[in-house]
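Below is one structure, written out as structure tokens, with a few remarks after it.
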Amino acid sequence: MVQDVVWGVSIVLMGILAALFAWVATGANVALADYGPVIASAYPLRTWLFGLAVIVLIGVNYTTLGKLPYVSSLSAPSSGVAAQPVAVVAEQWSWNIKPDAFRVGQTAEFRVTSKDVNHGFALYDPEMRIVAQTQAMPGYTNVLRHTFREPGVYRVLCLEYCGVAHHEMTAEIKVSAH
Ligand code: CUA
């Protein structure tokens, strides 16, 4: 009932606004009559550039959106071997990660939760490039999969400010070659 009234009022206001835009748009051509030569040369270029921008944006979106990490974070392990469940419990100010040692090619399925406040679970590879992340939330378990591709010491950092020792909230995950 209330929604219907709000909806009706919104439609009327949007109609008024659209009419206003149309009025300004039609008036603009008259007011700019002196700039006829400029308009004649610039507007076709503007239209062409706008068309080009639309084509480029559609192309870029089409080729890149499918590569978002969100899509692949829960995909099946490429090896065909079942993912290793990993319990991750965050608390001020430490990580409890079990197990915390893996082999290259192994897929870890992190089940991330928190005992107290919100934390940010971020996994960094040995070169300190972030490779996966999710929220650690009390009363909720976020599932995050990652397949280890190179050996070394990975690090877990907290990415959400959670109190005075937030910066000390780190952990290590060891990945062996075999
Ligand atoms: Cu935990 Cu910041």
Side-chain angles (χ1 to χ4, degrees), residues 1-7 9-10 13-14 17 50 52-178:
M1 182 62 200
V2 178
Q3 279 105 323
D4 289 342
V5 174
V6 172
W7 179 232
V9 171
S10 299
L13 288 178
M14 280 188 274
L17 210 63
F50 180 74
L52 184 70
V54 169
I55 290 168
V56 167
L57 280 175
I58 288 174
V60 167
N61 278 302
Y62 182 78
T63 51
T64 59
L65 279 180
K67 295 180 168 57
L68 282 177
Y70 321 125
V71 177
S72 62
S73 64
L74 272 182
S75 60
S78 51
S79 60
V81 179
Q84 166 71 49
V86 184
V88 178
V89 181
E91 64 179 310
Q92 290 164 316
W93 287 275
S94 63
W95 296 101
N96 190 343
I97 302 171
K98 280 190 183 121
D100 60 358
F102 304 90
R103 291 184 311 281
V104 168
Q106 206 174 4
T107 298
E109 184 178 286
F110 297 101
R111 295 167 185 183
V112 185
T113 189
S114 169
K115 271 189 184 172
D116 37 44
V117 300
N118 268 31
H119 301 271
F121 175 88
L123 181 67
Y124 290 78
D125 71 8
E127 282 82 49
M128 284 308 283
R129 288 177 302 217
I130 191 166
V131 290
Q133 74 146 112
T134 189
Q135 287 286 108
M137 302 151 71
Y140 196 89
T141 300
N142 279 312
V143 179
L144 178 71
R145 279 188 188 162
H146 180 72
T147 303
F148 294 102
R149 297 281 175 218
E150 50 181 305
V153 178
Y154 287 62
R155 290 174 61 83
V156 173
L157 302 187
C158 183
L159 282 197
E160 177 147 344
Y161 183 72
C162 54
V164 290
H166 153 75
H167 60 283
E168 289 186 1
M169 216 172 141
T170 67
E172 288 185 351
I173 288 178
K174 291 181 185 69
V175 178
S176 55
H178 295 290

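Remember, it's 1-based here, ligands and their atoms both numbered in the order they're listed. In this chain, numbering begins with 1 at the start of the sequence shown.
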Polar protein atoms near atom 2 (Cu) of ligand 1 [N, O or S; cut-off under 2.8 Å]: C158 SG, E160 O, C162 SG, H166 ND1
Which residues share a side-chain contact (heavy atoms from CB on, under 4.5 Å) with V60, sequence neighbours left out: V56, T64
Distance-only polar pair, side chains of E160 and Q135, donor-acceptor under 3.5 Å: yes
Test side-chain contact (heavy atoms from CB on, under 4.5 Å) applied to S94 - qualifying residues, sequence neighbours left out: E91
Residues forming a side-chain hydrogen bond (donor to acceptor under 3.5 Å, both in side chains) with E127, sequence neighbours excluded: R129
Side-chain donor or acceptor of T107 paired with backbone N/O of H146 under 3.5 Å: no
Distance flag, aromatic centroids of H119 and F121, threshold under 6.0 Å: no
